[in-house]
Structure formats: structure tokens, C-alpha cells
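Data block below; observations after.
Side-chain atoms are counted along with the backbone in the values below, which use heavy atoms only and exclude waters and symmetry mates. All residue numbers refer to positions in the sequence shown, counting from 1. In this text, all values refer to a predicted model and were calculated from it rather than measured experimentally. When a ligand or atom number is given, it counts from 1 through the structure's own listing order.
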Amino acid sequence: MDPLKEKFLKKSISVKKEIKKILAEHGDKKVSEVSLKQVFGGARGVIMMFWETSLLDAETGIQFRGYSIPQLRKKMPTGTGDEPLPEGLFWLMLTGSIPTDDEVKWLSKEWRNRSDIPEQTFKVIDQFPTDAHPMTQFITAISSMQTGSHFTRRYAEGMSKSDYWDAAYEDSMDLIAKLPRVAAYIYRRSFHNGDHIEPSNRLDWAANFAHMLGVSKKTSFKNLMRLYMTIHADHEGGNASAHTMHLIGSTLSDPYLSFAGSMGSLAGPLHGLANQEVFKWIMEMVEKLGTKKPTNEQISDYVKETLAAGKVIPGYGHAVLRKPDPRFLAQKAFAERNIKNDDYVNIVWKVYDVVPPILKSLGKVKNPWPNVDAHSGALLVHYGLTEYSFYTVLFGVSRAMGVLAATCWSRALGAPLERPKSVNLKWVKEFVK
Ligand code: CMX
């Protein structure tokens, strides 16, 4: 058994025992009461799911197994770069422990070994017009790789419930290993005339992805990809892409099909597609104003026009967070360390000054602060990745690690079919009487 699988098995057996005991003693305790407003309001704040890999606090932001992003930047192996390696985060999410340098090196190699793409996947992608949205190509490519699912094959062969975790682990490792190449293939065919770049057989997972994208040879671009892939990976279980993964996986649909569904959620503009929308919105502002150096007053007018047109300010607000997103702040700190005097980075920082007071003044926006999507576009454009319709695919490659680690946990803990209750208007009227 491989070292990560062995550690995960040991950890999941002890967690399963602990949960069994807690449920036996406290299973009937109430964790939340649901108001009618929450029934109509997207179930905000309703606790109804177990998600072991990360926990989101409204004030302090995301914690991966108890570690904040600044703590991860200090404690996680960085390999040959100076940002945490996503391999380390995946290890942490599965086992609860920060891996050693050697463990992370093993995982980089393991993912390289599993990264071959089935021939049909390239053919399927090639059937799309090159201007098909990259997320459409990505979701289809993920489904096309499902023919290699261990989970589906073993289920058909009569796999025991006690082995679900093992098959989910194998699929998760394969899928994560393959995604950067698939994503880079989509990028190069859509925006670089199909001039593809072969993977390296020595780079870590995120650096290899940076290499295959081929937009910049700078070491700091590889570091950006390491940071980007780490901070976008997981945001507890209730966000739309994670929840979709959890829901589909609970039917024992395999990790490939669950992940394809999860990416459909990520492709919505209120969720992951917001990173595309942010940059589109900034480009339109620059074009309208005729300058890449707008004043705060000009930005303020543009923000007010956007709101007056009945649109949201992309990259701002959050369903749970009530402070600037630490993932935004981590990207800002990266720009401060690595990028000097970039017009688009400067615009993002000015927008950060201008937007919160305006959103606060509306009196209805619960969180006027930037979320993860407000910054990434300006960093990517700096390195030459200007095609913003691709940005959500980057988010998706990273998100795979969180939702697949959580899927391994769900299968190991025997998570049942998810089936909350819905009601109709007749029920509501009788209830309020
Ligand atoms: N700009 C303008 N209005 C906003 C706003 C924003 N950025 N954020 C919230 N509001 C509005 C809502 O549209 C809602 O208005 P109505 O009552 O008229 O419908 C009101 O403020 C209350 O909303 P809320 O409770 O503060 O926010 P929600 O939990 O309902 O929604 C979110 C959260 C993220 C969908 C919302 O803030 C938004 O639309 N933001 C812009 C899109 C975005 O950046 N999404 C990315 C989120 C991070 C991610 O998943 O990647």
C-alpha cells in the first residue's frame, strides 16, 4: 500500500470510531434550527454536512485542518520554490498532518506517474470549436476520462462497501494527476493554435502545469501557480462546487462524474466564474475610461454605474465570509513581493479601496469585502495569461484536490445518500397558520 493511502486508512479508521461514539452519545443534539427565511434563502448557515478537510470561519477565513493560509505558507514544504506545494495540502487534507519534504516529493512523482491522458480525451476535446468556453471543454474532458474509473469498474465487479474508500482514493489520485495536462491542452488549443507543450518529468505538479501553459518562463510564475493551486483547493463543504461533489458522490456515482458535476457548479458567475467576470469588468472599465490608470473617482463612478444597471460587483461579497478573504490577501502579498508597478494590479488595489464603502452604503450587502476572485486575474495577466475565459479552469484544477480529498473521506466514513427535505407553498401556508 502506498504511504499516503496507508496513513489515510489509519486516520480514517480512528475518525470513524470517534464519530460512531459521538453519535451514540450525542446523536440527537440539535446543531441548527432552520427558519423559513433559510428555506427560501439558499440554506445559508444550515449545518447539514460533514466535511473533514477544511473549515471556514466568517471572520478569519479558511482553515485547512486547523492551519490558516499564512500558517501554511510558513509550515508547508515548498520544494524548489518559495510557495507551499499543493501536494502538501492534499496530504494534509487526507491525513491531518503536514508532510515531510520526502513525502511531498513522493507525491509529486506519483502524480507524474499517473498523468497519462486517455487518447479519447484529446479526441473529444478536439471536436469542440476552439472558441467553445474552456469550462465546457474541461467538463466534457473530465467525463471522457471516466472510462478509467476504478470505482465504477470495481462496483460492477461487486466491490464490498468496506473498499469504497480505496477505489475513491485511486480515482482521486488519477484524476488530480491528469487535470493539469488536460487543462493546458484546452488552453493551448483555444489560444495558442494547438501548439502544445509536453509535460516535464521532473517538475512538481503546479510547476509542471505552469510549464505546460507556456505563458511565462519566470520562476515566479511557477510559484504563483503553486500558491494559486493551494489557496483555491477547498473552502469547506457548503460552497456550490463542493456541495455538488458531495451530493453526486453520495449516490455512489464515481469521482469522475461527481467532479464533472462539481465543475458545472464552479462555472456559475456567482461562484468560480467570478474570476473571469472580474477581469472582464476591469477590461471594460479600462476601455470605457480610455486609461489604465483610472482615478479613485473614475472607479467609483464605474462601480455605481454597474450597480445602477442591476449587476453585482464581481469579486466582492461572500455567503459566509465577513472580512477580506485571506485568499485575496495572500494574492495581494504575492503581488507586493513579486510584481512592481503593474497597471492592472494597481487597479485591483484601487478597486479594493473604492468598492467596500460603496457596497456598505447599500445597506443590504452582508460582506462588502473582496473574495478570492477579485485578485487572481491581474496576477495572471501580468504573466501573460490574458485570456480570462480560461480562469475558471485554473480554479477547477485546484478545487479538484479539496473535493476529491473530501470524497475519499466520505467513502471512508460510509457517508449515506444525501436527501434533505423540500416543501411546497401549500406546506408553507399551513405551517405559518
Ligand atoms: N455587488 C452587488 N450586490 C451584492 C454583492 C456584490 N458584490 N454581493 C451581494 N450583493 C447583494 C445581493 O445580490 C443581495 O441583493 P438582493 O437582496 O437585491 O438580491 C444582497 O446584496 C444580499 O446578499 P448577501 O447576503 O450579502 O450575499 P449572498 O450570500 O446572497 O451572495 C455572493 C454571495 C458571493 C453570491 C454575492 O456576494 C455576489 O453575487 N458576489 C459577486 C459574485 C462573486 O464575486 N462571486 C464569487 C464568490 C466566491 C467564489 O465562490 O468564488
Checking [X] side chain against [Y] main chain: does a donor-acceptor pair fall under 3.5 Å?
X	Y	value
W51	H235	no
T306	Y302	yes
N208	P199	no
Q38	S35	yes
S149	Q146	no

Can a protein heavy atom be found under 4.0 Å away from [atom]?
atom	value
atom 14 (C) of ligand 1	no
atom 9 (C) of ligand 1	yes
atom 37 (O) of ligand 1	yes
atom 19 (O) of ligand 1	no

Looking at [X], which atoms of ligand 1 are within less than 4.0 Å of one of its heavy atoms?
X	value
R44	28 (P), 29 (O), 30 (O), 31 (O)
I313	1 (N), 2 (C), 6 (C), 7 (N), 41 (C)
H318	33 (C), 34 (C), 37 (O)
L359	1 (N), 2 (C)
F395	51 (O)
D373	46 (C), 48 (C), 49 (C), 51 (O)
G315	43 (C), 44 (O)
L307	2 (C)

One residue to check: [X]. Relative to ligand 1, which of side chain, backbone, both or neither has a non-hydrogen atom less than 4.0 Å away?
X	value
V365	both
H235	neither
A319	both

N-O pairing of [X] and [Y] below 4.0 Å:
X	Y	answer
E305	K311	no
D166	K5	yes
K7	E103	yes
K288	E284	no

Open item on the list: Under the ring-ring contact (aromatic ring centres under 6.0 Å, His included) test against F328, which residue among Y316, Y352, W349 passes?
Closed with: Y352

- [ ] Kindly indicate, with the supporting measurements, whether the criterion salt bridge (charged side-chain N to carboxylate O under 4.0 Å, His left out) is fulfilled by R337 and E83.
- [x] CA-CA 12 Å; R337 281 194 305 279; E83 294 293 344; 2.7 Å; yes

Protein contact to [atom] [nearest heavy atom, distance to 0.1 Å]:
atom	value
atom 41 (C) of ligand 1	Y316 O, 3.3 Å
atom 42 (C) of ligand 1	P269 O, 4.0 Å
atom 43 (C) of ligand 1	A274 CB, 3.6 Å
atom 50 (O) of ligand 1	H271 ND1, 2.6 Å
atom 22 (C) of ligand 1	K364 O, 3.4 Å

Open item on the list: Measuring from atom 35 (C) of ligand 1, which candidate in T392, L270, L266, D325 has the nearest non-hydrogen atom?
Closed with: L270

Task: Nitrogen or oxygen atoms of K366 and ligand 1 under 3.5 Å apart - done: yes

Open item on the list: For R327, give me all partners under salt bridge (Lys or Arg N to Asp or Glu O under 4.0 Å), at least two apart in sequence or on another chain.
Closed with: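 If we apply the salt bridge (Lys or Arg N to Asp or Glu O under 4.0 Å) test to R327, skipping adjacent residues, the hits are D325.
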
TODO: Assess the pair F395 and Y228: is the distance between their ring centroids shorter than 6.0 Å?
DONE: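 No, the ring of F395 stays outside the 6.0 Å limit from the ring of Y228, centre to centre.
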
